[in-house]
Structures are given as C-alpha cells and as structure tokens.
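Atoms considered below: every heavy atom in the structure, side chains included; atoms not considered: hydrogens, waters and symmetry mates. When a residue number appears, it is its place in the shown sequence, counting from 1.
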Amino acid sequence: MAPDIASPAVTSRLLGKVLLVSVDNPPVNAVGVDVRRGLVSAIDAAQADQAVAAVLIVGAGRNFIAGADIREFGQPPQPPALPEVCNRIEASSKPVIAALHGAALGGGLEVALAAHYRLAVNGVKLGLPEVQLGLMPGAGGTQRAPRLIGMAPALELMLSGRHVGAEEALALGLVDRLGRSDDTLAEGLAYAQELLAGGAAVRRTRDAQALADRAASRAALDAARADVAARSRGLFSPHKIVEAVEAALDLPFDEGLRLERTLFLQCIDSPQRAGLIHAFFAEREVAKAPETKAAQPRPLTSAGVVGGGTMGAGIAVAMLDAGMTVTMIERDEESLARGRANVEKVYDGLVAKGRLSAEAKAAVMARFGGATAYDALSQADVVVEAVFEDMAVKQAVFAELNRVCKPGAVLATNTSYLDIDVIAASISRPQDVLGLHFFSPAHIMKLLEIVVPAKVSADAVATGFELAKKLRKVAVRAGVCDGFIGNRILAVYRQAADVMVEDGASPYQIDAALREFGYPMGPYQVSDLAGGDIGWATRKRRAATRDPRARYVEIADRICERGWFGQKTGRGWYLYAKRSRSGMPDPEVLAIVDAERKRAGITPRRFSNEEIVRRYLAAMINEGANVVHEGIALRPLDVDVTFVAGYGFPRHRGGPMKYADMVGLPRVLADIREFGREDPLFWRPSPLLVDLVEHNRNFDSLNRAA
C-alpha cells in the first residue's frame, strides 16, 4: 500500500483501490500554488502505484474548489500553472473522478472538466465566472467546455458568468451523476467503485464530440459574437472568450490550449482586469465597518415601511423577497390601496413573464399587511420611513415611531439629503435612529448607503449591515452630511456638467461622451429617469445657503418651471413618445439653453468628448477625495463601491478613485488646477489629493492602511 501523500493544501490516502485526494485550502479552497503542486503530486503518485485503480478528488470544508487564487494575479508565476495541472489530470491512465459540492467555479470547474467523470451533490454551484473579473477561463475551460456541452451553452456560461445548480449541470452534461445524499465523500467513493466494477475506461473531455455538428456550432458562435458586440461595448474579455472558444471549433485541442493561454495573458495585462478585481475586493471590504466588528446585529424578521409610493413599495418588495414580514403604513385607506397596488404590480410583472407562479405570489403577499395607524408597527424589528423629503414631515413620522415601536427596534430614514442627526435628536431614542438610503427602484438597485448619525449605537449600525445582507445589497457606510457619499458627489459633478452645457456643450453630447466612457446612461438621461423635480426641490432647498460667489446654472430650473420632469411627464431634457422610455433630443430644450447663455452673457465654445470626460471625472474625483478627507467615507474604496453599485460608474474602471489611481493622481491634480484658472472657487483641489501627490502616494495606499 502506498504511503499517504501530503502537501500544505492537498492530502491523499488510499481507500481500497481508490486514491482519495482532498483539497483543503481554507477559506474557499482556492487553487493556489500549494493546491496545484499537491494535485500534480497526487496524480503522479497514483500513476506510479499499482495498488491505485482510480483517483477521487474532493474538496474539504464547504467547497470543491471555488476558483483560482486571484491574489496571485500580477505576481511572478509559481509552477505548476493550472493548465499543466489540468492536463496532467486528464492525461492520467487511471480514471479520475471529481465529486463536487459547494462552489466549483472558475479554475475549480476547469479541474473538474479535466477529470474523466464528474458527480455533483445538491447545493453545488458550477460556473466559469472569470468574465466578471475582466478575465476568461485560462486552464482549458474554453476548449473543454464546448467539446463537452456544446457551443451555445458553453458560451452562455462563460459570457454570463452565472452559476448553475446540480440539476441544470446534469441536463447540460457538465456532470455525469447526481448524488442521492449530501455526503460528497460517500457519494464519490460509491461512484468510483461502481465505475471500477463496471470496467469504466478513462474518458478524456478533449475527445468529447459536442461540436460534431459544425454548422450549428458555427451559428451559435456567430450569434454570440454579435451579442457581445452589442452588449459588451468597451469590454475586453468577452471578445477574447469568443475568440478562444472559436479555436475549439477550428483548431486541434493542443493548439486551442496555446491560443487560450495567449488570450488569457492578454486579459491579465488589461487595465480592465485591475479595475474589475478592485471592484470585486472592494465590495467585500465595505462590509467591514467598525460597528460590524464591535457589535452583533439585533433580530431581523419583521419590518415596517412608512409610505407606499415608488420608493416605499420598492423597499417593501426587497424585504418581502428576503422572506421578511412587512407592514406598510399610509395616511388613509386610498393611499394604502395604491401602496399595495404598487407592491403587487412588481409581482404581477414577474407572473406575466413566467418568473413567478401565481401561488408563489400569493405566498409572498401573505406576508404583506397594511394599516393607517402606526400602532400596527408595534412589533416590527426595523421600520424604514420613505415619505416626502421634508424635515418636518419626517420628524412627525419619527414622533409616531418613537411612540409605538418596541424597545430596540431600529428606526430608519430613507432620506437622500436631510440631516439625520436632526431627525434623531427629535425623539427620545437617538441610539436607534439610522439612515438606510435605498436607491430607486429599491428592489433592484444593489446599493444601500448606511448612514451613521452621531448618537446611534453600534448594534443598530450592525443591524443595518445585516439587513443589507438579507436583501442581497451592497452596503456602504456613510457619515452624515448633505447628500452623504453618493448624492453629495453627484451634486458636484452634475454642476460641472451643467457649466459645460452653459459654456457650449449640448446635454446630448455630454450624455454620449459618458456612455462612450462606459456609463449605461448619461447624467441628463438619468435626471429624466429619476424625475427632474427631485433635483429641483433640492436646489430650491439649498438656495438660502448657496455661496453667493458660486456660479449657478439655471437651465435645469427653466426646464422644470415648464413642468418637464422627464419620463413621467413625457418631456424633460429629452422628448418621450407615448409610453416610450427612449428619449429624443428636444429642439426646445436647446432653445432654452441658447437663451440662458445669452442671459448669462456667455459666448459658447466647442468641447471635445475627451474634455467632457476629463472635467466630469475630475469634479467627481476631487469631491470624492473631500468626502474621504472629511471622514464621510471611511476609505476611497467606499466611494468606488458607491458609484459602481449605485450610480452606473463602469465597473471595469473600478470606481472613480481607482480610475484616478490608474490615470495618475498628478495628472488629475493638474487637470483640476488647469480648470481652476476659469473658476477657482469650484475647482479648489482637495487637501487630500494635494497631500497624496506631494507624498507620491495614491488612493489605494489609504485602502491598504485602513
């Protein structure tokens, strides 16, 4: 009997004729260098040992292998590379079985594809999600997956980055067998012994024939290429995935592997990879707020929502989707009926699309209730008010919540701008008052700003983060100021855009320039979507405290004065045909712009798209630096996550602060000083930005120091 083989992350032992190879690399069994070396050693030992008839690879802990160790990206390569590991597994002369549970993603699925047989248990997640990090499968996935499951499903798996469960994996042909129980080891051993008893031969994925229908495969490839061109504008790795998968159709296997590796290394070198990986890690880091480390969250099963408009209904849906019981409060029965209808409308849409059954909708709505009396909230664990953005109105709501809610209930406001410290000071339990700033539509948008007033307790803040987790949202901690992180910065870069419009750019050129940069929509399209009256109300509220020296552009006010609030009124910055969400440029808006230029005595000049983006981003980055400098955001990465998750900032650029690092802070500062020659009040460089440049540091150095 062969001696056990051990490595820091892979152990092997002989069970009868089966060599059990266990990957144990906490926390997720990433296929780092120790795992790669251990797998090669185990396969080599199995080849050399006549007592071994088959190899069974399993993962210890909660996962098979959750992917490559992306911390190694950009580091000097440490052999063996993962493609070599997979090739050695596939070349084994003895059957290799992979028993999959938990996550088998990226490099983990590529290891499984290299095995000769695959078994999965319930709860497994399989996928090739590298595209989400600006990468592509680089260890044979683009060559083996199409040969195994066909061109169309393989491309869909790689280009979407989605995970598939056990049943779908079996239907696709990714796995050969589903386990009858959740005991991965027992199921894997039983399958290996069954294969040996039946004399099963080695079966290499490279020889699979799912691409035999070349015409159908070519059609699927061409369709995917067209879809990528339409949907992945500006992205690098999706095009490389299509190019690599095409090689599976046109080239011998080994040549396809070589091309895949070349394209994979091109993705590694792409700035998009750096931006996407930054976004990936930053979204995990933002959850590590001081309060979540210091306190445990309070219980969270039942919720209240005050207000049944678009925002309140969206918040209610998000909570219902998380399995919570929700009670909505409105001022009268008619308003409550509208609120309930707003909630039902979301689920009716899902039923109409076949994504939800009528029975499932009924089960969800059974957890929804409504009332016109605040006493119905007496047992709620958390209550979120989503009423009109007026301090007196919100204080009246909180007076009622203070009266009826049980001790320890978290009392949250969804305000976008108002001072939460003032709201908290108006009741007797400020320790329970928190800002939960949802973004519309609240059941869809991923971002949730958790705004921390001065007197709130740590466990209330921790409860906010726990709620975000239940709602599957990305939570960012923010301090109290006008607009918090996102809307405060938005006000500044929107002002920069408005000045450019008054100085000669059209709103339609600005929107086009920002879409070209990677935004799904430009700022004036977003204004029309959200409703121009919202920004107008904010501008009027701020008018009394506006610096009289500051330049103020009145074009948006002239548009709002006409009742043109965007899509909901059929007209805003754009014209909207009946029931259309796609706007057309409006000559009357351009006439308003011209009139305002003449009133202000401005001779318009031309702007290039490149200058528009430089000014827009410089304003965003500079105010982002101020937000970090003042402690409103804990770290630059909190600003990045806010804008990637909530404001459409192109994810492949990492966020505004990461983008600034990649461009170079000296260049950003030089731009701000150049623009400051025109308007030194608006373009005052952030003290933090100046300090970082003077000390040859960047924003990421602050992330690492936090």
Side-chain angles (χ1 to χ4, degrees), residues 67-68 83 86 104-110 112-114 125-165 168-175 205-268 270 272-273 275-276 353 355 515 518 520 650-652:
C86 292
L105 301 173
L109 183 54
E110 288 181 294
L113 290 172
K125 295 186 298 183
L126 295 91
L128 294 167
E130 290 88 348
V131 70
Q132 296 174 353
L133 298 179
L135 296 170
M136 55 176 277
T142 67
Q143 304 305 298
R144 292 188 176 94
R147 286 174 164 85
L148 184 66
I149 65 174
M151 182 65 73
L155 279 166
E156 192 275 334
L157 199 65
M158 288 180 252
L159 292 171
S160 70
R162 72 182 182 93
H163 303 163
V164 302
E168 185 178 0
L170 181 66
L172 287 172
L174 274 175
V175 300
T205 305
R206 63 185 290 161
D207 300 326
Q209 295 297 308
L211 298 178
D213 186 339
R214 292 186 57 81
S217 297
R218 177 64 62 186
L221 183 72
D222 291 343
R225 180 176 281 114
D227 190 62
V228 164
R231 294 174 178 267
S232 301
R233 179 175 48 85
L235 294 179
F236 186 76
S237 67
H239 297 277
K240 299 302 173 183
I241 288 171
V242 173
E243 186 178 346
V245 172
E246 186 172 27
L249 186 63
D250 295 339
L251 298 178
F253 183 80
D254 291 331
E255 288 184 37
L257 284 183
R258 286 193 289 272
L259 177 61
E260 176 194 76
R261 194 64 181 170
T262 298
L263 298 175
F264 175 80
L265 293 175
Q266 289 176 9
C267 291
I268 287 282
S270 166
Q272 294 186 7
R273 187 269 308 173
L276 287 163
K353 294 174 184 175
R355 293 167 54 189
R515 291 195 303 270
R651 187 178 181 86
H652 66 272

Identify the heavy atoms of [X] and [Y] that sit nearest to each other, and give their distance.
X	Y	answer
Glu246	Leu221	CG-CD2, 3.3 Å
Gly161	Pro129	O-CB, 3.4 Å
Gly173	Ile149	C-CG2, 3.7 Å
Pro146	Gly141	CD-O, 3.7 Å
Ala114	Cys86	CB-O, 3.3 Å
Gly518	Pro650	O-CB, 3.7 Å

Could you check whether any side-chain heavy atom of [X] comes within less than 4.5 Å of a side-chain heavy atom of [Y], counting everything from C-beta outward?
X	Y	result
Val242	Met158	no
Met151	Leu211	yes
Asp250	Arg218	yes
Ile241	Leu263	no
Glu130	Pro137	yes
Leu133	Arg273	no
Thr142	Glu243	no
Asp227	Leu159	no

[X] [atom1] to [Y] [atom2] distance, which is reported to the nearest 0.5 Å:
X	Y	atom1	atom2	result
Ser237	Gln132	OG	CD	10.0 Å
His239	Gln266	NE2	CD	13.0 Å
Leu257	Arg261	CG	CZ	10.5 Å
His163	Leu105	NE2	CG	4.5 Å
Leu265	Met136	CG	CE	9.5 Å
Leu128	Leu135	CG	CG	12.5 Å

Take Leu126 and Val175 through the test side-chain contact (heavy atoms from CB on, under 4.5 Å) and record every step on the way to the result. CA-CA 10 Å; Leu126 295 91; Val175 300; 4.0 Å; yes
Using atom types as modelled and distance alone, determine if a side-chain donor or acceptor of [X] lies under 3.5 Å from a backbone N or O of [Y].
X	Y	result
Glu110	Gly67	no
Arg147	Thr205	no
Arg206	Arg144	no

Inspect the contact between Lys240 and Glu260 and indicate whether a charged nitrogen and a carboxylate oxygen are less than 4.0 angstrom apart. no
For side-chain contact (heavy atoms from CB on, under 4.5 Å), just list the numbers for Glu168 and Leu174, CA-CA rounded to whole Å, side-chain angles, deciding distance to a tenth of an Å, and then say yes or no. CA-CA 9 Å; Glu168 185 178 0; Leu174 274 175; over 6 Å; no
